[in-house]
Every structure is written in C-alpha cells, then in structure tokens.
Amino acid sequence: MRRLPTGGLIDRSKPIAFVFDGNEYEGFAGDTLASALLANDVMVVGKSPILGRPRGIMTAGPDEPCALVEVTEPYVDLIVPATMVPLEEGLIVRSMSGVGRLPTGPAKSVRVRHRHAHVETLVVGARSALPHRGRQPHRGRVMIVDRDPSPWAMGRTGPVEIGSWLRGPEATVLLGAAVVGVFDDGYVLIHERSRPIETLWHVRAADVVLGAGLQERLLAFAGNDRPGVMLSGAVRAYVERFALVPNGPAVVFTTNERGEDAAGALAKAGVPVYLLSLVTPTARHRALPEGCKILSGSVVVGTRGSPRLAEVLVASDESVGSIEADVLAVSGGWNPELGLFRGIGGQVRYDAEMDWFEPASGPPWLRVSRSRDQAERFGLVRYPFVPADDLSEHFVDLQRDQTVADIVLELDAGLRSVEHIKRATYIGTAVDQGRTSSALAAEVVNALLGSTAGTQGPTSARPPWSPVPFHVLAGPYRGALFDPVRTTPIHPWHALLGAVFEDVGQWKRARYYPRDGEDMDAAVQREGRAVRTGVGMMDASTLGKIDVVGPDAGVFLDRMYTNAMSTLGVGKIRYGLMLGLDGMVFDDGVAMRLAEDHYLVTTTTGGAARVLDRFEEWLQTEWPDLRVYCTSVTEQWATIPVAGPQAREQLASVGTDIDLSNGAFPFMTWREGTFAGVPARLARVSFSGELAIEVNVAAWHGLRVWEALLEAGQAFDLTPYGTEAMHVLRAEKGFAIVGQDTDGTVTPDDLGMSWIVNRKKGDFVGLRSLGRPDTIRDGRKQLVGLLPADPNLVLREGSQLVAAGAQAPRRSIGHVTSSYYGPGLGRSFALALVESGGDRHGETVMSPLAGEDIPAVLTSPILYDPGGARRDG
Amino acid sequence: VTADIRAHPGSPFFRRQRDLDRIAELSGGSLLAVPQSILAQVDVRIDPGAAVELGIATDVPPDESLGRAHPGAIRLDRSDGRFHLPTTPNRVWDGRWIHALWLGPDEWLVLDFTSRPADLAAALRTSLEGLHHSVVDVSANRVALVLWGRGRHELLAAGCALDLGRKAWRPGMCSQTLLARVPVILVERYRFTGLLVRPSFADYLVDWFVEHAVP
C-alpha cells in the first residue's frame, strides 16, 4: 500500500523513525505500527505459527490475528498486535510467528504501579457508548476506558472528545487502556500503558457499561490468509484514518451491505475497485462512486501471489477469471462484540432479524450499550465459506492455523457442539480470543450440519480478554517489595553486625553471626559451644504470642492443646502441643498462666497467624458460649532467651530486682519485675537444654535491653547465637521442630510424646483421630536419634534410610529430618523418622547416598543430657 | 549501633526520617509523612450490650450535628466520661487525649496520648469490673505514621483496596485493612490519615512509599 499526500488523521509534520526486523522506516505521528508498515508497503509481517505461511496485517484493531510482534524498545512487550502499537520515536520491533519468546538475560526495568479505584459508573469502550447529545448520563464518579489512544470519537455530528460530556474532577478517562477482564460484582482489571510507569487499575464499579462495538468476521475461501487480505472495516480505517491506498486496484468481497462501505471508501480515494457483493443490489450500490465495478454473482475462489497477494481468482456460475490486486477486503458478517459480557457469564440469544447474537441476560450491574449506527439494518447473506473440493486453505482461525477442513475432520469424527470443536481444534483460544474466528467457526458448523443460522453461536472467552504481561500483574511487588519483609526490634543490630539472615515466613531471622573468616559451620559450632559452656543469647522476638483472657480461658486451652492447661498454677509455664483434626501435630509452644483468667501462649514463628485464626474459628463457630477473648501480642514483646551455665550471673550483672536463684525461680515458672531498668517478664524455659532464662520486654525496649545484655556480657563472653545454632542445640536434646521433624503425618506418639496427650481431661481437637486404626497401627514412622558410624560425617537432611543388609530393590524405612554436627556431643548426629523406630534403638541402618551406603545407629532422640541435669545450671 | 538507631529504638519510622523526607520532597508538597508517638495503646474486648445491661455503661446515640458530631457509642460510667467505645462500625470516638477505634463488634483499640500503658490498662479494667472483658496492653504492638497532604489518598490507593473517596471515607472513620499486603489500621481525620502498623512491617512500608513517591 502507499500513503496519499493528503488526508487522514495523521500529522505529516511529525515524521517518526522506527525499526522493524532490523530495517529502518518512517511513519507519522498518529500512525500505529501496522499503518506505518503498510505505508512503507510492508505487507508481510510474519509467519503463521504452525504452518509457517506468510502472514500480513488483517485488521486495524485488537482483533488482529496475524500481525503479532515483539516490542523491544523503548519498552518491552513480548506479544502484541502491530495494530495496537502506537508509533513513537525509538520504537524497535521484531516480527514473531504467533509464539511468544521469554527474553534471556537481565530483565529490562519496566515500572508498573497498581491503583485501586472505586466508581459509580465504569464505561468500557467509550466510542461505542457515546451519550446522546446534551445528556449527562452518569452520576457520581465515572471512569471511561477506551483501548484506542486517540482522544477523539466519531459522533453523529462530527468528532467528539471522549469524556467531554463529563464534568468535574470525579471523572477519569483512560485512553490506550485495555480491559483485561470483568469479574464478579463489578471488579474490572484495566491495563493502562501510561509512561514512564504503566498502571494496572483495579476498579470496583457499582455499574459497568460495556460499549459493544461491532466485530467483523472473516469469510473462508482458499488462500484467505495471504498478506493483503484484510477485513473490510480495516481497509476502510486504513483509507480514511491513515490515508493509505493499495498500489493498484482492490477487490472487495462481502456478504453484507456494511462490507460494501470499504468499496465506497476506496473508490472515493481514487482506487479502482471490483466489488463482489452477495447482497441483492440496493440503494447503496447505486450510491457507490464511479470507478467501482460491481461483479454480481461472483465469489472469490482463490488468491495468488508469493509471498503477498498479487491476484484474486474470481468465479461466477458462468465464468472464472482473475483480477490483479494487492488488497482484498473481505467481510463475512458482523456481531456485537460481547467478549467481556460473556466472560462474566452473560448469556446471548440469536436475533434472526439482524442475524447476529444479542445480549440476553447478565449480572444486574452490567449493561451493554449499543451505538446507534448498529441499530441500522443491513442486508446479509449467510455465506460462511466458499464451497470447494479442497477446504484445507479456507482459514477460519489464522492464529491457530485452523481451516474449514479441520472443522470437517472433527465433524466426521462425530463432534457436533462448537464447544467441543473449539477444544479439538483450538479455534478461538489464541491471543486474539477468537475475535474474528469464533462466530465464523460457529457459522461453518451450522452450515456443514445443515442447521439454520444461529443454531449454535460463537463460544465465549475467558480473561484475559486482552493479553496482559506478567510483569504488569506483578506490578511493584517484585525484588525488594516482592513480599513484606518483617524485622524484629533488634534487627538493626543484627544487620550492623553482619548477621546472615534466613527467611522464616515473612520474617528475617539472624541465622548466624560469622566472625572474620568463619563459614557457617564454624560460626554455628562457636555459637553452640558458647551456650553449652558459657552463655549465649538470641533474638526470639518472632515467636507468636497470644493473650488468652476470660473465665473460661483454661477450659478453652484444654480443648485446643493435648494436655491440660486449666490445672496450671498462676506463675507457672507448661509446654503444649496442638493437633489438627486429623490427630497430626499442628503447632507447639508454651502457655504461661499470668492470672486466674489470663494466659499468654506462644506459637512457632510461622504458625502465629494460623494458630490465632484457629482459636478464633473454634471460639466463634463451635464454642460461642465460652467466655474467652484472644489478642495477638506477638509484636508487643521483644523476647531474648539467655542460655548457658552462666546465664544467671550474666542476667544478674545487668541488674534486676527478680531473685534468679533456682529456689525462688524454678524451671517452667515466670516472674515479673524490672530488668535493665525496664519492666520485664522473665521465664524459665529452655529450648537448648541448658539453664535458660527468657527475657521479655516491651518491643520498644528490645534493642536497648539487647545492648545492655551485651555490655554486661563482656565479662562472660556472652555470645549472640542465631537460629542455626538454636536448631542444633535443640536437636541434641531431641526437641522436634514442627514443620522440620514433622510433616503433617506425625502424631504425638510418633514423636515419642504420648506423655503429653491427656486423655482424661475431656475432648480436645484431634483426640478422636488418635484412635483411628491407621494412627495406632504398628510400623508407623517414629522419631529417633541417628549416630553415623563416622562421627565426623554429617548425613544429608532428607536422605532416605534402608535396613542394613537389605536386598535390592531396597525400600525406604524412613528419612533424616534434621542433621548436624553437635557442639555438645562433639560428633555428628541426626534426627530421623523411621518405621517402628522406637523399638529399634541400637539397630544399624544405611543411608544410601551417591552410590555409597553410610551406616548409622538408631538411638533415642534425646542424645544430650538425657537426665536433664543441666537445665537448672 | 549507630546513633540514629539508638536515638529512636521504639519506632522504626523515626529511623527512616531521611526516606520520609524524601517522600515529601518527591511529592512536590502534596504529601508529608510524619512518625508519631502514641504513649499507650490498649486492646479492649467486651460485649457492649452486656455492659449496658449490667449498668456499667450507657448508650450514647449518634449525634451528627455540626461541631459535636460523634458516632453511636457506649460510655463507661465509672470513667468520668473518659472512655467511650463507638458502636457504629469503623468509627473513632474522639476524646481530647483518648481515642477509641472500633475494630469489630466486640473489639476496640484505645489510644491514649497522655497516660502510661499500665495506667490506661488499669483504668479500663476498673471501668469494666464485673463484666467479662479483656484489656491487653498493646502499646508496643503497633507504631504510627501520619500522612498529611492532598496526595495521601492517591498514594494509599496504590496499595489499598478500600474506597477512599470523599463520600465513602470520611473524617472520623477507621478501618482494619491491607496496604501493600501489610495489615494496617487507617484512621481518617480532617487533614491527615493516620496509619497504625506492626513495627516489623514499618521498613517494608517505607520502602513501598518511596517506590510510589518516585515519579
């Protein structure tokens, strides 16, 4: 095609250079990439994805099935129709074959923001929902969205600026914005290609008005995919809006009067036109300009040209001939564009008078608005495809390379429903969501089955209605903002000291504190030895904490934990285990009884939210009669366990009015008082097996108290230790970690903790399942200790275990759940879940790894200080 | 530990003053983010109907008259008018130095700008004696940031699904919601929006604010 020297809505004073497939071209402001390519007579823009046939530009809008391109500069879009890319300075584009390609190498920085908006009315497709003259149709906040970046719409009396009929600051107009999908209750996702930051709008609208334009459909004949074949509406748009004309004559082939408008537009621009119309001659024919030759009773039976259209083969009942042409405008009929309407469950019905599908029923907040020119009737001949012996080049869906022959094949196989044919052929499932092909496919099926028109209609499409890049859905939530990062009050200290952090849920926890030249193993051994022989401290502020208050608090906790909490004395602490309804270990922690009607329970770091949720769920849905309130206080408290034989001296040196002696402050009790000058609650709990006192202060004092401990601790070589050393120390004591040594299939009995299940106190969550045959069968996996024969060899966590001397094929009898070098034991060790492990202490098993069997001996999981002598210092 | 951390160990927002200043600068004067200290915060759980029935509280009907507007509430009778708990959902009772935020039909967050946490909790417990109640000191459980300026609602709309339009989100309202995937409590006043958040999320939120303030 070529550009006319005048006319169109382009700005010839603003030339724009761009690159397509490595070649430089020039277009004008107001061009799309597609119109600029056509202006440079670039008719072939890619290959079809399956058959590799040359393809061109078929439409002028988002319905483009062929001309998919990849934009690399000045922004990145991996797959977009050339018809939807506004021409701009520095644009670099390459063709593709309908299949996207993920870029390798560093991702180009594209900034995206999300934005929530609430409106009373959302108008989608402003051009098709222009208000009647002089009327202010909308109340309250209004948003108008249109995918075309141009601010002008064609009204009945001339161009109208979109949104000009709205008043006030409560109106938002988004142009060049694509609706990704319409969802329940008026929730609409809109992708606005704003610069320099793209925006994904999350709109909640009380009312949604969908302006349904008309969607033209293709007509199937041999070679209807050759570059140069275009929908009639597109030809009209290229002539009128972009001042483009074919190099020579053009052919127009239409089943309806509206399609004839392309002939009028071409002829008006001085192009010799051959019109093949299946419509009985009407007033429109007579109104066609001169230079328009009407070939009545003829149809297009084929195309020629390589790679682009050069010749159109035409046949009537009497004769066959050919016309030299580089553009063939085709119109197979029209339907209101109802993709978004149907995507949210809107139903359509066939309107025989218009011979198309109308909205029938949909959600009450959704309305389809029709521009008035649609009400205009136009003749239409039902003619989905040109009959031929060979239908294998009669394309229906160009993006899926599917033809009438492919539909025939499925019908021969017995398929009848268009829904089945869609799934068998993939017609309508490509990026274009079947805009040009779904209605045609249905019409082809109706015709081939001998059904009347409209018996079956186009299939529906689901979101995204317009392709949306993943980086837009992710928005700003990537890199450092990917997910909230939670830090403790003492975090700045950890960071300054060069702690290595590990992620525990959303928390950053200090894993270890490497000193000069230390690797993780060395640091963990040093930290662990300090706790075993001197004193260490750690930041345990992330532990979940819940205040449980009310006269029935004890009864409630009895039902949540496996053991009795109501019998706990005020001032005392008890360890507790929680089960799922399936009887499997769910979470653990300790309960402190602060007052007769007041407990504070702790949870695992990762389990805090789900434990509180579960408390609330049972209170609200099962036991509303219990007078109990639960309040999360996780972040109220900074928690610093100080552990090791010298813990008492260390704490006393900081200054406290609490008597720390074993007699006054025994194991599993708590005391309140002043510590380091601030109010504190100290608790004698130990996760390391050593004498340990947990310091709890208001979070805002956490850092100050940590530093006070460090300062006073210089005399004791107080060593901060991280979560890794904590894991090692607790494993030496055989303390299971929920989620590491358990996996949702482990009962208290499997952990060797049947002592914590109190069956006399009454019902509790999970009790019933503890009696299931599978829960009490022999041979379940049980927690054991594991000592490798080589005391310096650390087994891999997760490795499988087989019986010694077992013959191939060997079956796994268990697996390693925790494995370390023990600073207290002075050797390697592991915890494992092994079938009947409790009865097999002393037995040797094998851990096969990399072709080698590593022998290890099963033992009790409690390897260090089994008598518990160290916990009192 | 560096001086600026030591100076403000309580609220991470104070440590991020430089970034907060940057947000103000980038916004071109439409936004100002100021950390705020709240002396005492106490979470209160009661059945307000039971409190009235028991005779320790009185129903206060809503008053929309200009200058005196307040939501429906109960007044705790033993508190000399210090404690009102709003019963209109998502509303704040605005006492001079004590604010009570409706968090749920049986839950409030009482903010006190002049009392120590223990004193506030004790006073509330005294007012509620005889009724099944929970009064929990959560003074360190959340930190506050105040957003001033006309650009504040647009900033919040980038990460909060609530309708923050003038008709739906009026001064005197509060809400527990998500902002940038972080659980927050928003409090709307005539010229500013208060934001209460657990301190562990504060750094992340400031990073998010900076990302959204950069044009």
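Everything numeric in this text was worked out from a predicted model, so none of it was measured. Side-chain atoms are counted along with the backbone in the values below, which use heavy atoms only and exclude waters and symmetry mates. In what follows, chains carry the letters A, B, and so on, assigned in the order in which the sequence lines appear, proteins first and then strands, with residues in each chain numbered from 1.
Within the 4.5 Å cutoff, no side-chain heavy atoms of B:D163 are placed close to those of A:R204. Within the 4.5 Å cutoff, side-chain heavy atoms of A:Q506 are placed close to those of B:F201. Contact check for B:R198 versus A:R486: side-chain heavy atoms found under the 4.5 Å cut-off. Contact annotation: the side chain of A:W700 never approaches that of B:P199 to less than 4.5 Å [non-hydrogen atoms, C-beta and beyond]. With a 4.5 Å cut-off on side-chain heavy atoms, A:Y629 and B:D106 count as touching.
Between atom OG of residue A:S632 and atom CG of residue B:D43 there is a gap of 9.5 Å, rounded to the nearest 0.5 Å. A:D547 CG to B:R45 CZ: the interatomic distance, rounded to the nearest 0.5 Å, is 11.5 Å. Taking CZ of A:R115 as the reference point, atom CG of B:L156 lies at 11.0 Å (rounded to 0.5 Å). To the nearest 0.5 Å, atom OG1 of residue A:T631 and atom CG of residue B:D137 are 11.5 Å apart. One finds the CZ atom of B:R181 at 7.0 Å from the CZ atom of A:F482 (value rounded to the nearest 0.5 Å). To the nearest 0.5 Å, atom NE2 of residue B:H153 and atom NE2 of residue A:H116 are 15.0 Å apart.
Proximity to chain B is limited to the backbone of A:V628, based on heavy atoms less than 4.5 angstrom apart. Of the two parts of A:T634, only the backbone, made up of N, CA, C and O, holds a non-hydrogen atom closer than 4.5 Å to a non-hydrogen atom of chain B. Residue A:P476 touches chain B through its side chain alone, counting heavy-atom pairs closer than 4.5 Å. Only the side chain of A:W507 has a heavy atom closer than 4.5 Å to any heavy atom of chain B. Looking at A:H114, both its backbone and its side chain come within 4.5 Å of chain B, counting heavy atoms on both sides.
Comparing A:D483, A:T488, A:D597, A:I197 by heavy-atom pairs within less than 4.5 Å of chain B, the highest count is held by A:D483. In terms of non-hydrogen atom pairs under 4.5 Å with chain A, the most contact-rich of B:R142, B:E154, B:E107 is B:E154. Looking only at heavy-atom pairs under 4.5 Å with chain A, the residue among B:A168, B:S134, B:P117 that has the most is B:S134. Of the residues considered (B:A118, B:G165, B:A180), B:A180 shows the highest number of contacts with chain A, using heavy-atom pairs under 4.5 Å. Contacts with chain B were tallied for A:H491, A:R141, A:H598; A:R141 has the most, counting heavy-atom pairs under 4.5 Å.
The shortest non-hydrogen separation linking A:P484 to B:V182 is CG-CG2, 3.9 Å. The two residues B:H132 and A:P551 have their closest heavy-atom pair at ND1-CD, 3.5 Å.
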Exercise for the section: Decide side-chain contact (heavy atoms from CB on, under 4.5 Å) for B:D203 and A:V485; before the verdict, give the C-alpha distance in whole Å, the side-chain angles of both, and the deciding distance to 0.1 Å. Expected result: CA-CA 8 Å; B:D203 274 321; A:V485 174; over 6 Å; no
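Judged purely by atom type and a 3.5 angstrom limit, A:E635 uses its side chain to pair as donor or acceptor with the backbone of B:S200.
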